[in-house]
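Values reported hereafter were calculated over all heavy atoms of this structure, with side chains retained and with hydrogens, waters and symmetry mates removed.
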Amino acid sequence: MGRSDPPRANAGSATSDGSDAEVRYRGIFDNVPIAVWEEDFSAVLDLLDEIRAEGVVDLSAYFAARPDRLADAIRRVRVTDVNDFSLGMFGTRHKESLLGSIADVLLPETGAALIDQLVALWTGQRRVESETVLRTLTGQRLDVILTVAFEGARAQRTLASILDITARKAAERSAQLLAAIVESSEDAIISKDLNGVITTWNRGAERLFGYTAEQAVGRSIAILIPPDRQAEETTILDRIRRGERIDHFETIRRRRDGSLLHISLGVSPVKDGNGRIVGASKIAHDITERKRAQEQQTLLVREMSHRIKNLFAVTNSVVALSARAARTPTEMAEAIQGRLSALTRAHDLTRPGLIVTPDAITRDTTLHAIIHTVLSPYVDARREEERTRVVVNGPDVPVGTNAITSLALILHEFATNAAKYGSLCLPTGRVMIDCALDGGDELRLTWQESGGPALQEPPGGEGFGGQLARRIVTGQFGGSVAWEWQPDGLTIRLMLPASRLAG
């Protein structure tokens, strides 16, 4: 809404003598679509003269320090006439309700604008404009532009125009609130034109994608899209041009550093004042953690299934090994019982697996102790000939609480496969484990099987157990693992930072 000056009569003809000028003035005054008041400031000038006589120089500071004198000045302003538009604006049907004192339409915040008017009158200015607030006679707050023009030798016919900007100010506040919400959002909120050029970029987008607003605005949205997903943007823009919304579209986007992240994307058309689609707004929510949790859940389910299958297979192997060596049913039962007890102890080391439980192991141990615990179900220590089935050579290293379960799980996978398919499924089979420290911190563990079934060819693909072991070795420990399939037995080479094990 534009600003309007109050209607002004010619200074020499703005009288009540019934002249043509007065008639024209009254016609404008009564019919202009803005609130216009005639006010008498002559008594206010009398007060200002008294204050000047007191030696006051800074009138603004004077009124700020003397609210009682400001209140006196307000009481001296007399409203002598208002136009019809003022009645509806201020909530009354009767002109008399607004005549008299202006105090009935003032709010505490109006004080600054009134001081501006008084200072203008004090310094001889004839016109002053302020953006301020008033209230209707029903108590409704009005945001207004108040323009005051002092007419007459003693400002006895001052004209005040009051432009209602309440709706505009409400829209501005709403826009400011919306902008604040957008700017403080944890989600990335981006707008772009129909050519895919970024036009706005909030702080959430800065945090999520790594570009500042200065680096992103004006560039193509393609900077966020991986090469293999560029066609998505064409599809999105086509749908936006048709006026369609896109909700909860899960995809992958690229950060400034090149890393990829999973996001849930919502896209809406942006229209101009004529309803024409001119662009799109995007809200991107990072769902990387949710995706990771889903993958973790899938992995846990697969691990559970894998362990159950392994448990039956290993138990069957334990029974078979015990049956081959036992001479009596009692001896066989004792051997099975001993091996199953050892299997339970080994399983306890791997039981937390990928799930942290309150009863997880809470004390440190060593590498050799874990190896012997995990492989003890396959060795009957009471029989001399079986004591060499598993041999561990090389230096021992400490294993901290945080690494015990993961390391035991890796070794458990090696041992389980050996019991199902490798050297430990036969009484003559052996496992030789050599430990060595390279460069002080690099632990090299070599798992060598022999005496098992002849291996004609490597397996067709890596099973879940191998995938699980590789995931732990590379992801948690930052190491490496490799399998070498040879006719006389499997060799596994495991490289781990010793500091990661101890920590």
Side-chain angles (χ1 to χ4, degrees), residues 296 299-300 303 306-307 310-311 314 339 341-379 381 387-419 422-424 430-449 464-483 490-503:
Q296 188 83 337
L299 184 62
L300 289 173
E303 183 190 351
H306 176 72
R307 287 195 183 201
N310 274 352
L311 181 61
V314 171
R339 282 192 162 101
S341 295
L343 183 62
T344 300
R345 291 192 298 274
H347 193 261
D348 280 342
L349 291 178
T350 67
R351 178 160 46 90
L354 301 175
I355 308 173
V356 178
T357 57
D359 57 344
I361 298 170
T362 57
R363 60 180 181 278
D364 295 349
T365 183
T366 67
L367 173 62
H368 287 195
I370 293 176
I371 293 173
H372 286 300
T373 301
V374 170
L375 290 170
S376 61
Y378 313 102
V379 179
R387 292 178 185 173
T388 58
R389 279 173 60 80
V390 176
V391 178
V392 183
N393 296 318
D396 200 3
V397 295
V399 179
T401 301
N402 295 332
I404 290 175
T405 295
S406 298
L407 181 60
L409 188 55
I410 295 169
L411 295 170
H412 179 70
E413 290 300 328
F414 296 168
T416 299
N417 285 332
S423 61
L424 295 182
R430 300 178 67 223
V431 176
M432 180 77 70
I433 301 173
D434 289 321
C435 305
L437 285 172
D438 293 342
D441 185 58
E442 191 79 351
L443 172 68
R444 185 180 72 248
L445 187 149
T446 303
W447 173 290
Q448 178 66 61
E449 298 182 23
F464 176 75
Q467 295 175 22
L468 182 62
R470 188 184 300 278
R471 180 187 178 103
I472 295 172
V473 169
T474 58
Q476 179 175 343
F477 293 119
S480 63
V481 59
W483 287 262
L490 171 66
T491 300
I492 304 175
R493 303 189 188 281
L494 185 64
M495 302 290 288
L496 299 173
S499 57
R500 291 278 191 98
L501 292 179

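In this structure, CD on Glu449 lies 6.5 Å from CG on Leu424, to the nearest 0.5 angstrom. To the nearest 0.5 Å, atom CD1 of residue Ile433 and atom CG of residue Leu494 are 10.5 Å apart. Here Asp396 contributes atom CG and Leu437 contributes atom CG; the two are 10.0 Å apart, rounded to the nearest 0.5 Å. To the nearest 0.5 Å, the span separating CG on Leu490 from CH2 on Trp483 amounts to 9.0 Å. Remark: Leu496 CG to Ile410 CD1 distance equals 6.0 Å, nearest 0.5 Å. Here Asp438 contributes atom CG and Met495 contributes atom CE; the two are 5.0 Å apart, rounded to the nearest 0.5 Å.
Here the shortest heavy-atom pairing between Leu375 and Ala415 reads CD2-CB, 3.4 Å. Val399 and Leu367 get closest at one heavy-atom pair: CG2-N, 3.6 Å. Between Cys435 and Val392, the shortest heavy-atom distance links the atoms SG-CG1, 4.4 Å.
Between the side chains of Asp434 and Thr446, no donor-acceptor pair is found at a separation under 3.5 Å.
If you run side-chain contact (heavy atoms from CB on, under 4.5 Å) between Trp447 and each of Thr491, Val481, Val431, only Val431 comes through.
No donor-acceptor pair under 3.5 Å is formed between the side chain of Arg493 and the backbone N or O of Arg444.
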